[in-house]
Amino acid sequence: MRLKSVLAAGVAALAFAPLAHAEPQAEVMHWWTSGGEAKSVAVLQQEFAGRGGKWTDMPVAGGGGDAAMTALRARVLAGNAPTAVQLKGPAIQEWFEEGVLADISAVADAQGWAKVLPASIANHMKCGDIWCAAPVNVHRVDWIWANKALLDKHGIAMPTTWDEFNAAADKLKAAGVTPLAHGGQAWQDATVFETVVLGLGGPAFYHKALVELDKDALTSDTMVKVFDQMRKLRGYVDANFSGRDWNLATAMVMNGEAAFQIMGDWAKGEFLAAGKKPGEDFLCASTPGDGYLYNVDSFAMFKVAGDDKVAGQNLLAELIVGPNFQKVFNMNKGSIPARTDVALDDFDMCAKLSAADMNASSAGGSLLPSYAHGMALRGAQAGAVTDVVTAHFNSDMSSAEAVRMLADAVANSM
């Protein structure tokens, strides 16, 4: 996203030290436009107004944020950046490299973010030695969801290994039940793929392969086995999977049309919105294997002119990581608080499991960024991996050929 050099010169002149009595103002760009998301953002707006702030909402629907990024580039090039923008993963650091992100370290230090955020997640919010973004939540990606009634009917327990999953899927398929609800979209293929990489290779292998893009890992026998498992999974989806949205796949599990879905915990929001109860109507468990793949939503603060706007972004940062918003937003979103000190008494059993696993994984060094959801790799490299995954999933390509293509695609994307 390299911008014109004139941009850096323009933003360098902007002052961002707030006056003590500046009225906080914030123009907030985001792509949370669905019902539950909009409800959650409204809570932040109310908190902001309650502290004397004036909020200008700038929702940009469509494309999972792609449309918002197009609008953002135009605004920044025009020298009129929003106060705060929904960003995540390496995109935060890419914008920092353009010299356009503000320093919110004073807020972070005053609130003690370093003490209440897992180290891996805190690192995403930093640009060099400064804090430049505020985390909203933690989505776990490596979840498997199941229709409890279907599993009970066929005497199947939630699988803890991929061999157990395959055995359960074979049993269901023989009984005429679609084992795996899946939407044939590239990001959904990538989501399943990264859970298999983690499950078969383990956390260290995942890091080598999908964070470091290590050639030996990408061309290893383990990666061949990953594609072997992906081929098995392809045989467990129904014939009409192509192009299906993820929430429609979730509905298949909900309605008993399929037994399992591999999807992040935003799927839980669909179950809960339909009045389904975890442990009674649907089951949740991590996908087979150790480790925890996370996807973190966050807001980056852009350099802006005007003490009122700077006061606004400082107040936003304070509220976003504040315990109240962290609780209310995540109960609506299906995710868990980024803060580890928020009480989870009112959260459901799946959220409590997610939080416990996150803390254990953080302590054990297996808390890992999702490549499929923009946390581990920059766009070109992530796209190269996903292109191969999707090509393999939708063809008769052999696992060995997929591995060769993967290594070549990654090398060509550098």
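Residues take their numbers from the sequence shown, with the count starting at 1. Heavy atoms only: backbone and side chains are in, while hydrogens, waters and symmetry mates are out.
Ring pair Phe165/Trp162 is perpendicular by interplanar angle, where above 60° counts as perpendicular and below 30° as parallel. Ring geometry for His30 against Phe299 counts as perpendicular: the plane angle is over 60°, on a 0 to 90° scale with 30° as the lower cut. Relative ring orientation between His373 and Trp187 is described as perpendicular, the plane-to-plane angle rising above 60° on a 0-90° scale split at 30° and 60°.
Not counting sequence neighbours, Asp170 has no partner by the salt bridge (charged side-chain N to carboxylate O under 4.0 Å, His left out) test. With sequence neighbours excluded, no residue forms a salt bridge (charged side-chain N to carboxylate O under 4.0 Å, His left out) with Arg234. With sequence neighbours excluded, no residue satisfies salt bridge (charged side-chain N to carboxylate O under 4.0 Å, His left out) with Asp308.
A distance of 7.0 Å separates CG of Leu210 from CD of Glu194, quoted to the nearest 0.5 Å. Between the CG atom of Asn314 and the CG atom of Leu319 there is a distance of 11.0 Å, given to the nearest 0.5 Å. Note that CH2 of Trp55 is 10.0 Å distant from CG of Leu315, once rounded to the nearest 0.5 Å. Interatomic distance, CD of Glu98 versus CG of Leu77, reported as 9.0 Å (0.5 Å rounding). Within the model, atoms CD1 of Ile262 and CG of Leu233 stand 5.5 Å from one another, a figure rounded to the nearest 0.5 Å. Note that the CG atom of Leu283 and the CZ atom of Phe260 stand 8.5 Å from one another [nearest 0.5 Å].
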Check step by step if side-chain contact (heavy atoms from CB on, under 4.5 Å) holds for Gln25 and Thr56. CA-CA 8 Å; Gln25 303 227 8; Thr56 301; 5.7 Å; no
Residues Asn137, Gln326; criterion side chain to side chain donor-acceptor pair (under 3.5 Å); working and verdict: CA-CA 7 Å; Asn137 59 3; Gln326 289 271 316; over 6 Å; no
side-chain contact (heavy atoms from CB on, under 4.5 Å), that's the test. Do Cys127 and Leu101 meet it? Break it down for me. CA-CA 9 Å; Cys127 297; Leu101 294 192; 4.1 Å; yes
For the pair Phe329 and Trp32, evaluate ring-ring contact (aromatic ring centres under 6.0 Å, His included) and give the outcome as yes or no after the intermediate values. CA-CA 12 Å; Phe329 180 90; Trp32 284 327; 4.9 Å; yes
Does the ring-ring contact (aromatic ring centres under 6.0 Å, His included) test come out yes or no for Phe193 and Phe227, once each step is laid out? CA-CA 8 Å; Phe193 174 75; Phe227 280 104; 5.3 Å; yes
Test ring-ring contact (aromatic ring centres under 6.0 Å, His included) on Trp246 and His182 and set out the steps. CA-CA 7 Å; Trp246 69 268; His182 182 66; over 10 Å; no
Does Trp95 form a side-chain contact (heavy atoms from CB on, under 4.5 Å) with Leu87? I'd like the steps, not just the answer. CA-CA 10 Å; Trp95 280 106; Leu87 289 178; 3.6 Å; yes
Give the intermediate values and the outcome of side-chain contact (heavy atoms from CB on, under 4.5 Å) for residues Phe302 and Thr83. CA-CA 6 Å; Phe302 280 67; Thr83 314; over 6 Å; no
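Residues Lys225 and Ser220 are not in side-chain contact: their nearest non-hydrogen atoms beyond the backbone lie 4.5 Å or more apart. Side-chain contact check for Tyr294 versus Pro369: some heavy-atom pair is nearer than 4.5 Å. A heavy-atom distance below 4.5 Å is found between the side chains of Asp238 and Arg244. At least one side-chain heavy atom of Met230 sits less than 4.5 Å from a side-chain heavy atom of Val389. Asn394 is listed as a side-chain neighbour of Asp189, based on a closest heavy-atom distance under 4.5 Å. Between Met69 and Val85 the shortest side-chain heavy-atom distance falls below 4.5 Å. The closest side-chain heavy-atom distance from Thr219 to Arg404 is not below 4.5 Å. Taking the side chain as every heavy atom from C-beta outward, Pro323 and Arg339 approach each other to under 4.5 Å.
Salt bridge absent: Lys327 and Asp345 never bring a charged side-chain N and a carboxylate O closer than 4.0 Å. For Lys309 and Glu27, the salt-bridge test fails: no basic side-chain N is under 4.0 Å from an acidic carboxylate O. A salt bridge links Asp152 with Lys148: the closest approach of a Lys/Arg side-chain nitrogen to an acidic carboxylate oxygen falls below 4.0 angstrom.
Between Ala122 and Leu117, the shortest heavy-atom contact is CB-CB, 4.2 Å. Shortest non-hydrogen contact noted between Thr386 and Ala190 is OG1-CB, 3.7 Å. Residues His154 and Ala175 come closest through the heavy atom pair CE1-CB, 3.5 Å. In this structure, Asp265 and Gly334 approach most closely via the heavy-atom pair CG-O, 3.5 Å. Nearest heavy-atom pair, Ala402 versus His392, reported as atom, atom and distance to 0.1 Å: CB-CD2, 3.7 Å. Closest approach of Asp346 to Met331, counting heavy atoms only: O-CE, 3.1 Å.
Although no hydrogens or angles enter the test, the distance criterion places a donor-acceptor pair under 3.5 Å between the side chain of Trp145 and the main chain of Met263. With hydrogens and angles ignored, the 3.5 Å screen pairs a side-chain donor or acceptor of Lys173 with a backbone N or O of Gly235. Side chain of Ser370 to main chain of Val141: no donor-acceptor pair is present (N/O by atom type, distance under 3.5 Å, no hydrogens or angles).
When the options Gln313, Arg51, Gln111 are evaluated for a side chain to side chain donor-acceptor pair (under 3.5 Å) with Glu318, the one that passes is Arg51. Considering Leu368, Thr195, Val196, Asp357 as possible partners of Asp142, the one that fulfils the side-chain contact (heavy atoms from CB on, under 4.5 Å) test is Thr195. Each of His139, Lys88, Arg140 was evaluated against Asn295; a single residue qualifies, Lys88, per the side chain to side chain donor-acceptor pair (under 3.5 Å) test.
The closest side-chain donor-acceptor pair between Glu257 and Asn147, if any, does not fall under 3.5 angstrom. Side-chain contact of Ser105 with Asp103: a donor-acceptor pair under 3.5 Å is present, judged by distance alone.
Atom CG of Asp290 has 12 or fewer heavy atoms from other residues, nucleotides or ligands within 6.0 Å. The number of heavy-atom neighbours closer than 6.0 Å to CG of Asn123, taken from other residues, nucleotides and ligands shown, is above 12.
For residues 115-129, no pair satisfies salt bridge (Lys or Arg N to Asp or Glu O under 4.0 Å), with sequence neighbours left out. For residues 266-282, every residue pair satisfying the side-chain hydrogen bond (donor to acceptor under 3.5 Å, both in side chains) rule, not counting sequence neighbours, is listed here: Lys268-Asp348. Pairs passing the salt bridge (Lys or Arg N to Asp or Glu O under 4.0 Å) check and including a residue from residues 367-382, sequence neighbours excluded, read Glu97-Arg378.
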